[in-house]
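What follows is one structure encoded as structure tokens, with my remarks underneath.
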Amino acid sequence: MDLTLIASNLLNPPVLFFFLGMIACFVGSDLEIPQPIPKFLSLYLLLSIGFKGGVELHKSGLTAEVAIALGAAILMAIVVPLWTFLILRKRLDINNAAAVAATYGSVSAVTFIAAGSFLSQLGIPSGGHMVAAMALMESPAIIIGVALARKLGSPGGTPVSWSHLLRDAFANGSVFILCGALVIGAVTGEKGGKALAPFTSDIFRGMLCLFLLDMGILSARRIRGIRQFGWFPVVFALAVPLVNAIAALALARFIGLGPGDALLFTVLCASASYIAVPAAMRLAIPEANPGLYVTMALAISFPFNIIVGLPLYMAIINRIWS
Amino acid sequence: MDLTLIASNLLNPPVLFFFLGMIACFVGSDLEIPQPIPKFLSLYLLLSIGFKGGVELHKSGLTAEVAIALGAAILMAIVVPLWTFLILRKRLDINNAAAVAATYGSVSAVTFIAAGSFLSQLGIPSGGHMVAAMALMESPAIIIGVALARKLGSPGGTPVSWSHLLRDAFANGSVFILCGALVIGAVTGEKGGKALAPFTSDIFRGMLCLFLLDMGILSARRIRGIRQFGWFPVVFALAVPLVNAIAALALARFIGLGPGDALLFTVLCASASYIAVPAAMRLAIPEANPGLYVTMALAISFPFNIIVGLPLYMAIINRIWS
Amino acid sequence: MDLTLIASNLLNPPVLFFFLGMIACFVGSDLEIPQPIPKFLSLYLLLSIGFKGGVELHKSGLTAEVAIALGAAILMAIVVPLWTFLILRKRLDINNAAAVAATYGSVSAVTFIAAGSFLSQLGIPSGGHMVAAMALMESPAIIIGVALARKLGSPGGTPVSWSHLLRDAFANGSVFILCGALVIGAVTGEKGGKALAPFTSDIFRGMLCLFLLDMGILSARRIRGIRQFGWFPVVFALAVPLVNAIAALALARFIGLGPGDALLFTVLCASASYIAVPAAMRLAIPEANPGLYVTMALAISFPFNIIVGLPLYMAIINRIWS
Amino acid sequence: MQNVKRIEIIVDSPEVPSLLKELTHIGVSGYTVFHNITGSGDRGERRNDEPGGGSGNSCILLAIAPEKSDAVIAAIRPILRRRGGVCLMSDAQWVVH
Amino acid sequence: MQNVKRIEIIVDSPEVPSLLKELTHIGVSGYTVFHNITGSGDRGERRNDEPGGGSGNSCILLAIAPEKSDAVIAAIRPILRRRGGVCLMSDAQWVVH
Amino acid sequence: MQNVKRIEIIVDSPEVPSLLKELTHIGVSGYTVFHNITGSGDRGERRNDEPGGGSGNSCILLAIAPEKSDAVIAAIRPILRRRGGVCLMSDAQWVVH
Ligand SMILES: Nc1ncnc2c1ncn2[C@@H]1O[C@H](COP(=O)(O)O)[C@@H](O)[C@H]1O
Ligand SMILES: Nc1ncnc2c1ncn2[C@@H]1O[C@H](COP(=O)(O)O)[C@@H](O)[C@H]1O
Ligand SMILES: Nc1ncnc2c1ncn2[C@@H]1O[C@H](COP(=O)(O)O)[C@@H](O)[C@H]1O
Ligand code: NA
Ligand code: NA
Ligand code: NA
């Protein structure tokens, strides 16, 4: 594996701020970014990434290539929660298995954004439609997870309101702002893109640093508590992203994505949601333990993807694509 | 009416984000920008607009033209609450009529800012003294509204402390930061203007988008509740801005404002306050219902001015001024 | 003393916004920047100043000159709390004397940042290692203050956990983010510096204006309450910064600092902490009165340094150094 | 002054809207909600620090006529049973204004 | 331990300064204010979401000697009557420290 | 329903972690913390407005079995004595769910 890739990932300021957050927690610093600042940063990041993706999409247009990429995204968003559920059922009860499956079937926007920042550091281009792919991959796993819990769960469980659930899945704040900004970007095109660029592009990396600082703190806080759940969640949270990444790489190669898009597609499949899905699961499967599924996604798979995954997946792409 | 004007307003990212916020609310998304972020955004916008206005004023100086425009602003700020009160008394009790009159006599800074963004999109210049005009128009209506409620209201009403009231009217946070930043801009001039430009100008439109997203959510939330008040507030909130706009256009033409300044003057007269005035009314006329006057200003007149008003007033100006 | 120095300080937008905040409070405006926005701004400022200092340090490297400056910083951070404690004991009980000594032995990051903005307005260069000096000067006074209170205080006082204390002194959020960002800046160097510049440099002054607006409000609020403590704290808070500044100027000249670095070193020694130290004192010497030590630092010494100190110290440097 | 039951309910923030809907349904018209609350209970610690928000608790305070308290408790008990949370009831006097 | 009256007053946030002034005036020296509170009552819902802020409630908590409670209530009653809000009183014990 | 003691403790925000540690130590497993609280008492006004944060109060709410209340009070009393703050206790009923 290419050492310069590892270095250029580890020397990326956002990743360094993520480490800094983790260290802050480990040395017992009281450093924290109080709510609702992280919520504001996350809204900002989603708005910016959506808007810029839309502007790019306006340039490229809706080609067949774009359609195929989006189809592949939906496919993975359906397959991943199903196969992970089968694995999870071996060790967890139905509710927790369904919630974890939904978590891993969905995506982490920040991992995606960090991958984009990594690509731009390497000078590798990527398409605006990958943002649309991300938006499409956020929600299906929520539906599948809840359906699994309902179909297979005890009949005395929480009755589910499907109309509520669909709304929570497709109209939750994160998905909504992402899609909305994407549409606005696509509608206003380059003119709008230029007008907002100082906000959505120039200060973007700095805002990402601040957000990842917070994510580092939150991850580290949870790492301590992970032991209570035994070894299974840890192994799962390290192995499943890898397996999903390999499947994604194969699929990306098969449908002919470029290297930049392939990396983004891979991190989407390899990452797990800790924003949209937990918010939905709290309401739809309250019997599941957020301490389990949030911790797995946030404290293990997220750092793994950010630190090890990005250069690893890129190295594989460099080898196979060239 | 010129279609390109409508289009260039509707394709303006801030207006699109306003729509996005409304849609978020209508489809039941949980998207929201939690306090105190909106308060921060509003402080930022007022500080920036005030500062930039001051820098412009430093360039142009205090000419006779400026003095006339400011005089016209004060005139309208006194006339509008008086005539609207006469209309409102036909349907509302004294306290609510006075509070609504104060609301419409004052101005909406965000409508003004959106008009500025609309002008800059069209490449039409405007003067920094219009920010001073806005500052002057914020407060008189508060005094007039309370005076009306006291003079005409039941003698058993809340005793009013005029010294408190004057302070609330002229030293409330919004007015204060606007005026203060205006003075600072005028004092530091172009040198200071350049030093702060990345903050007050470059990222301004992006911050405006975020704020209007929030305003869209808040407007939409209130639109649902408007029905309980009957048809009168709705008709009033649509018709009165129009009437005030026409009066303002005539006056602007009469005193010889340029097209850009005329548009800004018109939206000042046509808009209604939902920040400074409600804050004052809650304390000075607690018998009035904020659900009524905030809703009229925020849920009807504000979207009307932003969506229909801006291109409409501009079209009229284009026709008459040329 | 040079009048242009005074003018160029007073016409600096950040200082003007500080005045604006004070005036807001004095005229009874309800203007305020609600928490956690100020906390966010302070995190932003520390992160940016640390990061930029690190990038500078990357350029200059760790020379003997840098090492000497850092040594002088540590020396002053030890001497100042000790000698001020001797003075303070004449009028205050041991706990309050120790807490005030710690406050003045440590530094005010915002005074440092305002000095940097003042220098850049004058076009005078300064070294990135001064940020490291600031980081080194934050904590020793905390240890010394608590040690004095423990050694000399009544045996029945709060038992102190030294491990906790050391952590609070060296790992508190402000110190941590400053040092962490410094290291990240030094590691990523100019490439990282450029990537983050729009965030850490371009909008920096505007963010500083907002923060100083808040500081003005907070200072003014406390000025009113100062009278209850008599004349001693006021005289101390005006005289001690001056004495420390003179000592610092002599030392800076002796070790051969350039004019820019000398000014930064002087304001570090002359300033008093109102963030890190109060946070530590609340826990370690709860018997001391925060109303006293925060007020002295925030309401007297801070405005004194910002308004009078900066041009005064610079005038002395101009005279002696040339 | 009037004797009332003072009921305080501590629940996950996302539960608040549905609980309030339930309460409105059975005729409770006045309530107060405290936000930004953390805590710990059978379901572990609630730190309100997740990036998506919504991971803290809220506290709903009700002052109701004593004869209504049974209906209120009957309405919220199943929700609490399913989703956790705490409900305390005590006596208080409403200072009629 | 000492018997006290526990008084909690829920009012519009902008009312808090004047209420506290009134309370200080009649000799109440200790109080606690909870911020960021929403609710619903006779005057409709308070959502604390207006862009200008100040549209939420606050809760003032007082622990006072029982013999002082009449004076406190007499002082705040007219304010509550004019501007709405809720005031609850109950018995508690102050754990003297 | 079950009789419990309702204890509310108002302390400086930075004290909360150590107080909770103490409480956990003596076996209290459930608690609730209200943040962003201001107030006034013997040690002057707490405005929660210092730039470094941490200058406000928090309120810890405990519902505990009456027989445990003595142990809890014994544990927190020295902390309150040293660092100020208020502790109120009253009777309540836990609506078992
Ligand atoms: N004994 C208690 N005293 C005070 N608050 C409690 C207690 N038990 C639980 N809580 C609160 O209720 C929330 C939900 O409790 P649980 O469902 O038991 O996890 C916790 O996060 C606490 O805020
Ligand atoms: N029955 C009640 N129980 C708890 N809180 C109430 C009740 N009634 C009113 N409130 C609170 O008091 C505030 C003002 O009430 P009102 O003046 O009736 O609109 C409301 O916004 C609620 O927060
Ligand atoms: N009588 C009281 N009633 C309600 N809250 C109080 C009272 N006395 C003190 N407090 C609260 O307890 C905090 C600490 O009190 P103290 O240690 O006396 O300064 C104050 O900031 C108030 O929030
Ligand atoms: Na995934
Ligand atoms: Na108007
Ligand atoms: Na110092």
Side-chain angles (χ1 to χ4, degrees), chain B residues 34-48 50-52 54-55 58 163-189 191-204 206-207 275-276 279-280 282-283, chain C residues 4 7-41 44-45 48 114 116-123 196-214 216-217 220:
Chain B
Q35 283 292 3
I37 305 298
K39 178 129 195 189
F40 166 64
L41 295 173
S42 127
L43 273 175
Y44 164 83
L45 293 174
L46 290 168
L47 186 156
S48 297
F51 182 78
K52 287 184 288 186
V55 173
H58 180 95
S163 72
H164 261 78
L165 184 63
L166 285 170
R167 206 183 57 197
D168 285 346
F170 292 105
N172 76 67
S174 318
V175 173
F176 191 87
I177 184 79
L178 184 72
C179 296
L182 185 94
V183 171
I184 291 178
V187 165
T188 58
K191 196 183 169 187
K194 229 178 236 163
L196 293 196
F199 184 71
T200 56
S201 298
D202 296 354
I203 63 171
F204 186 81
M207 299 286 266
I275 297 192
R282 272 173 207 288
L283 291 170
Chain C
T4 58
S8 86
N9 185 45
L10 291 189
L11 294 183
N12 199 2
V15 174
L16 289 169
F17 277 101
F18 181 77
F19 279 124
L20 190 63
M22 295 192 101
I23 296 170
C25 183
F26 290 140
V27 303
S29 170
D30 62 355
L31 179 66
E32 67 163 351
I33 306 187
Q35 282 291 2
I37 304 298
K39 179 132 194 187
F40 166 64
L41 295 174
Y44 164 82
L45 293 174
S48 297
S117 154
F118 179 60
L119 285 176
S120 81
Q121 171 137 326
L122 296 173
L196 293 196
F199 183 72
T200 56
S201 298
D202 296 355
I203 64 171
F204 185 81
R205 284 194 131 206
M207 300 286 266
L208 179 60
C209 287
L210 255 183
F211 190 69
L212 282 176
L213 178 69
D214 188 52
I217 298 170

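Remember, it's a predicted structure, so these values are computed and weren't measured experimentally. The sequence lines fix the lettering, A, B, ..., with proteins before strands; numbering per chain opens at 1. As a basis for the values below, the full set of heavy atoms in this structure was taken, side chains included, without hydrogen atoms, waters or symmetry mates.
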- Trace of the side chain to side chain contact (heavy atoms under 4.5 Å, CB included) decision for Ile203(B) with Ile203(C): CA-CA 9 Å; Ile203(B) 63 171; Ile203(C) 64 171; 4.3 Å; yes
Contact origin within [X] toward chain B - heavy atom pairs under 4.5 Å:
X         : result
Pro36(C)  : both
Leu213(C) : side chain
Gln35(C)  : backbone

Quick check for you: to the nearest 0.5 Å, what is the distance between [X] atom [atom1] and [Y] atom [atom2]?
X         : Y         : atom1 : atom2 : answer
Leu20(C)  : Ile184(B) : CG    : CD1   : 4.5 Å
Ser48(B)  : Leu210(C) : OG    : CG    : 8.0 Å
Ile177(B) : Phe17(C)  : CD1   : CZ    : 6.0 Å
Leu43(B)  : Glu32(C)  : CG    : CD    : 9.5 Å
Cys209(C) : Tyr44(B)  : SG    : OH    : 12.0 Å
Leu41(C)  : Phe40(B)  : CG    : CZ    : 5.5 Å

- Item | Criterion side chain to side chain contact (heavy atoms under 4.5 Å, CB included) on Phe176(B) and Ile23(C), from CA distance to verdict | CA-CA 10 Å; Phe176(B) 191 87; Ile23(C) 296 170; 3.8 Å; yes
- Which heavy-atom pair separates Pro13(C) from Leu196(B) by the least distance, and what is that distance? CB-CD1, 4.0 Å
- For Ala181(B), is it the side chain, the backbone, both, or neither that has a heavy atom closer than 4.5 Å to a heavy atom of chain C? both
- Item | Under 3.5 Å donor-acceptor, Asp30(C) side chain and Gly173(B) backbone | yes
- Message: When you compare the side chain of Asn12(C) with that of Thr188(B), does any pair of heavy atoms fall below 4.5 Å?
- Response: no
- Highest number of heavy-atom pairs under 4.5 Å with chain B among Ser120(C), Ala24(C), Pro34(C), Gly206(C) belongs to Gly206(C)
- Residue, of Ile37(C), Leu11(C), Val27(C), that accumulates the most heavy atom pairs under 4.5 Å with chain B: Ile37(C)
